[in-house]
Protein chains: 2
Amino acid sequence: MSSVGKALELLMLFNDAQPEIGLSQICRLTGKDKATAYRYLQALENSGLVEQTPLTRSYRLGPAVLQLARIREMTVPRKSGAESTLRELADATGETAHVTVLSGTAVFALTSCESHRHSTRVIIDVQTFPLHATASGIAALSFGPEGLLDVAKDTLTVFTPNTATTMKSLRAAIDETRRSGFSRSNGGFESDTRSIAAPLFDQSGLFAGAVSVASVATRFTPESEKMIKTRLAAASRQISRNWGGTVPDELERAWQQSLTPPHELEAAP
Amino acid sequence: MSSVGKALELLMLFNDAQPEIGLSQICRLTGKDKATAYRYLQALENSGLVEQTPLTRSYRLGPAVLQLARIREMTVPRKSGAESTLRELADATGETAHVTVLSGTAVFALTSCESHRHSTRVIIDVQTFPLHATASGIAALSFGPEGLLDVAKDTLTVFTPNTATTMKSLRAAIDETRRSGFSRSNGGFESDTRSIAAPLFDQSGLFAGAVSVASVATRFTPESEKMIKTRLAAASRQISRNWGGTVPDELERAWQQSLTPPHELEAAP
DNA sequence: AAACAACGGTTCAATATATGAACCAGCCGA
DNA sequence: TCGGCTGGTTCATATATTGAACCGTTGTTT
């Protein structure tokens with residue numbers, strides 16, 4: 001890996017649980033040498049991406065990331081284009097809702113929204129969603145660019161006893177997703193969590209991300225599933241429109257079929 | 001410069017005017033080799049800091065910057081702690097107000113707010129404020145850490161015919177700022193612009209940034225200057241409090257003196 | 001108070017890594 | 001068809017990165 005890549009790994013160490021990190025701690029987390037980590041941090045600090053707290057001398061993200069975020073938002077106002085819909089989705093379903101975006105071959109968390117209805121909620125605090133183990137990731141594999149499955153093949157990490165790690169089961173999940181229009185993860189990433197996702201499309205007409213609802217497993221019933229899927233389809237249409245895209249007709253048909261109960265199918269001509 | 005630093009320079013190329021840049025354009029802007037720039041962009045893309053638009057193959061800031069910004073805001077909610085005050089300041093003065101933060105030896109723009117009162121406004125679209133040529137920069141030199149003047153000495157860029165570029169004039173400006181508690185720039189960075197700034201302090205008790213009002217020169221009168229200074233002092237107190245700091249007593253005294261008209265001084269014992 | 005450990009930061013020889021000229025392939029307009 | 005532009009790739013050269021050992025400081029333990 002290039003030294004640039006290694007330096008950028010340091011940036012990704014900062015998260016909600018650990019927003020300020022000392023030099024030694026950074027060395028421990030990355031396995032890097034102290035001098036190397038120090039030089040990286042110097043470079044990052046020179047560009048304002050990190051800064052040192054004057055008192056503790058530990059490092060935290062710097063003000064430049066705010067600048068960059070503002071420009072990113074101006075360039076691709078996807079986050080703002082998804083937030084209101086996501087709020088409605090979380091309120092309507094009573095669960096935690098996520099929007100992810102595909103960038104290159106990785107699925108990034110864009111924004112999330114928790115419902116206040118239940119005291120138990122699903123809280124997922126990651127920046128990249130594994131392709132093979134999350135509903136959003138499987139949506140990307142099912143509706144995204146071709147080469148994505150090869151990328152997933154190389155990183156079939158086991159997260160829980162339920163994680164599907166064979167290519168056969170993964171292909172089956174993709175087939176089912178393409179058929180029904182919804183992808184799912186039954187505790188394959190976080191135990192006791194059931195997620196359903198629908199794909200999102202942008203102005204290029206291609207898969208751009210996914211919207212998902214993560215439900216606590218004990219609350220998950222056939223009734224809630226159908227309600228969630230209905231809301232997800234609506235949310236997908238709305239966010240895709242905000243992003244300049246539309247839901248493909250074939251996906252609309254897939255949704256319609258999988259949301260129509262069998263007895264109504266028989267009644268139809 | 002380290003390769004990490006050079007890679008991060010690429011990041012800073014993206015701005016409002018040019019949010020998407022092609023590989024060749026990046027090479028032109030930086031003078032770097034095509035292969036080098038390409039490898040840097042690959043590294044930046046792998047971490048999600050930039051992404052490629054699928055259609056034009058040009059590069060833009062990626063979704064990871066949003067993640068980082070969220071964590072930064074959570075860690076140091078300075079921007080949010082300054083925004084409401086800045087809005088009031090802009091409304092009260094009828095001018096454009098800025099808040100800058102000192103990170104290392106650079107003064108970064110944190111947020112700004114325009115007034116809608118006049119059709120002509122000062123719009124400053126930079127990410128770093130020069131130490132020697134802006135009111136915010138001179139505030140940093142006057143109230144910030146010791147070594148800052150040495151940094152400024154090395155980069156006395158000329159921006160307008162009014163830019164003060166001698167160390168003598170710069171020292172005079174610093175002395176006057178320490179005496180009055182307000183720094184100023186009379187068109188030294190942008191022509192026809194008069195700026196006044198007051199320092200900000202955070203939980204460390206040290207200088208943390210500045211709040212400034214940029215006025216169109218033709219509107220600038222002794223009356224408006226006094227009003228602006230009064231508002232600036234109030235804004236500085238409020239933002240410093242939001243950041244966990246307080247305005248030092250000696251600065252309060254300096255403000256009080258420079259806001260008291262001479263005839264009242266004579267009347268006092 | 002002395003000893004100790006952990007911290008951030010610095011140095012310098014060894015070497016792994018970045019570099020860029022040249023090259024390829026695809027696209028567009030003339 | 002040509003020429004110029006684009007994004008992307010290769011490989012010998014040489015430069016920038018690396019990490020063990022070091023220093024000074026801080027705060028804790030004996």
Side-chain angles (χ1 to χ4, degrees), chain A residues 1-11 13-14 18-62 75 103-105 145-147 150-151 204 206, chain B residues 1-14 18-62 75 103-105 145-147 150-151 204-206:
Chain A
M1 173 177 286
S2 69
S3 69
V4 178
K6 283 178 268 183
L8 295 178
E9 274 186 358
L10 298 195
L11 260 194
L13 292 178
F14 300 93
Q18 203 172 29
E20 298 193 1
I21 320 181
L23 176 59
S24 299
Q25 178 71 359
I26 286 176
C27 296
R28 258 176 261 122
L29 290 170
T30 57
K32 294 262 169 302
D33 186 82
K34 199 168 30 168
T36 303
Y38 179 67
R39 278 188 299 263
Y40 287 162
L41 287 167
Q42 291 267 322
L44 293 170
E45 188 172 17
N46 280 336
S47 62
L49 289 178
V50 306
E51 68 180 7
Q52 242 181 328
T53 64
L55 295 174
T56 65
R57 281 185 171 175
S58 61
Y59 296 86
R60 65 184 175 205
L61 293 174
T75 314
S103 180
T105 58
E146 292 299 324
D150 294 327
V151 177
S204 71
L206 303 173
Chain B
M1 172 175 287
S2 68
S3 71
V4 178
K6 283 179 269 183
L8 295 179
E9 273 186 358
L10 298 196
L11 260 193
M12 305 309 162
L13 292 178
F14 299 92
Q18 203 172 31
E20 298 193 2
I21 320 181
L23 175 59
S24 298
Q25 178 71 0
I26 286 176
C27 296
R28 257 177 262 120
L29 290 170
T30 58
K32 293 262 170 302
D33 186 84
K34 198 167 31 167
T36 303
Y38 179 66
R39 278 187 299 263
Y40 286 163
L41 287 167
Q42 291 266 322
L44 292 170
E45 188 172 18
N46 281 335
S47 63
L49 289 178
V50 306
E51 68 181 8
Q52 239 179 334
T53 65
L55 296 174
T56 65
R57 281 185 171 177
S58 61
Y59 296 86
R60 65 184 175 205
L61 293 173
T75 314
S103 180
T105 58
E146 293 298 326
D150 294 327
V151 177
S204 71
L206 303 173

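In what follows, chains are A, B, ... by sequence order, proteins preceding strands, each numbered from 1.
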Asks: Rounded off to whole Å, could you give me the CZ-to-P distance for the A:R57 and C:dA6 pair?
Replies: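 To the nearest whole Å, that distance equals 18 Å.
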Asks: Report the distance from atom CG of B:L10 to atom P of D:dG7, rounded to the nearest whole Å.
Replies: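 Atom CG in B:L10 sits about 14 Å away from atom P in D:dG7.
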Asks: Expressed as a whole number of angstroms, how long is the span from B:Y38:OH to D:dG8:P?
Replies: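 In whole Å, D:dG8 P lies 5 Å from B:Y38 OH.
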Asks: With a 3.5 Å distance limit and no angle check, can you tell me whether A:E20 reaches the backbone of A:Y59 through a side-chain donor-acceptor pair?
Replies: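 No.
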Asks: Between B:Y59 and D:dG8, is there a contact of a side-chain N or O with OP1 or OP2 at under 4.0 Å?
Replies: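 Looking at the OP1 and OP2 atoms of D:dG8, one of them is under 4.0 Å from a side-chain N or O of B:Y59.
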Asks: Of the non-hydrogen atoms in B:S47 and A:L8, which two are nearest, and what is the gap between them?
Replies: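 It is OG-CD1, 3.3 Å.
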Asks: Please confirm whether the backbone N or O of B:K32 pairs with a side-chain atom of B:T36, one donor and one acceptor, at under 3.5 Å?
Replies: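 Between the backbone of B:K32 and the side chain of B:T36 there is no qualifying donor-acceptor contact (under 3.5 Å).
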Asks: Rounded to whole angstroms, how far apart are CD on B:E45 and P on D:dG8?
Replies: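 Whole-Å distance recorded here is 9 Å.
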Asks: Measure from CD on A:Q25 to P on C:dG9 and round the result to the nearest Å.
Replies: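 The answer, rounded to whole Å, is 15 Å.
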Asks: Which parts of nucleotides 11-29 of chain C does protein reach within less than 4.0 Å, heavy atoms only, written one letter per nucleotide 5' to 3' as B for base, S for sugar-phosphate only and - for none?
Replies: B------SBBB-B------
Asks: Can you tell me how far C1' of C:dG8 sits from CZ of A:R28, to the nearest Å?
Replies: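 Between C1' of C:dG8 and CZ of A:R28: 13 Å.
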Asks: Say you draw a straight line from SG of A:C27 to OH of A:Y38; how long is it, rounded to the nearest 0.5 Å?
Replies: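 Going from SG on A:C27 over to OH on A:Y38, the span is 12.0 Å.
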Asks: So which heavy atom on B:S3 is nearest to which on A:S3, and how close?
Replies: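 It is OG-OG, 2.7 Å.
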Asks: From CD of B:E51 over to P of D:dG7, roughly how many Å is that when rounded to an integer?
Replies: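 The distance from CD of B:E51 to P of D:dG7 comes to 16 Å, rounded to the nearest Å.
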Asks: Please identify each residue that fulfils side chain to side chain contact (heavy atoms under 4.5 Å, CB included) with B:S103, with sequence neighbours left out.
Replies: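 Here the qualifying residues are A:E51, A:P63, B:F108.
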Asks: Under 4.0 angstrom, heavy atoms only, what part of the nucleic acid is A:Q52 near: base, sugar-phosphate, or nothing?
Replies: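 The answer is sugar-phosphate, as A:Q52 gets under 4.0 Å only of primed atoms, P, OP1 or OP2.
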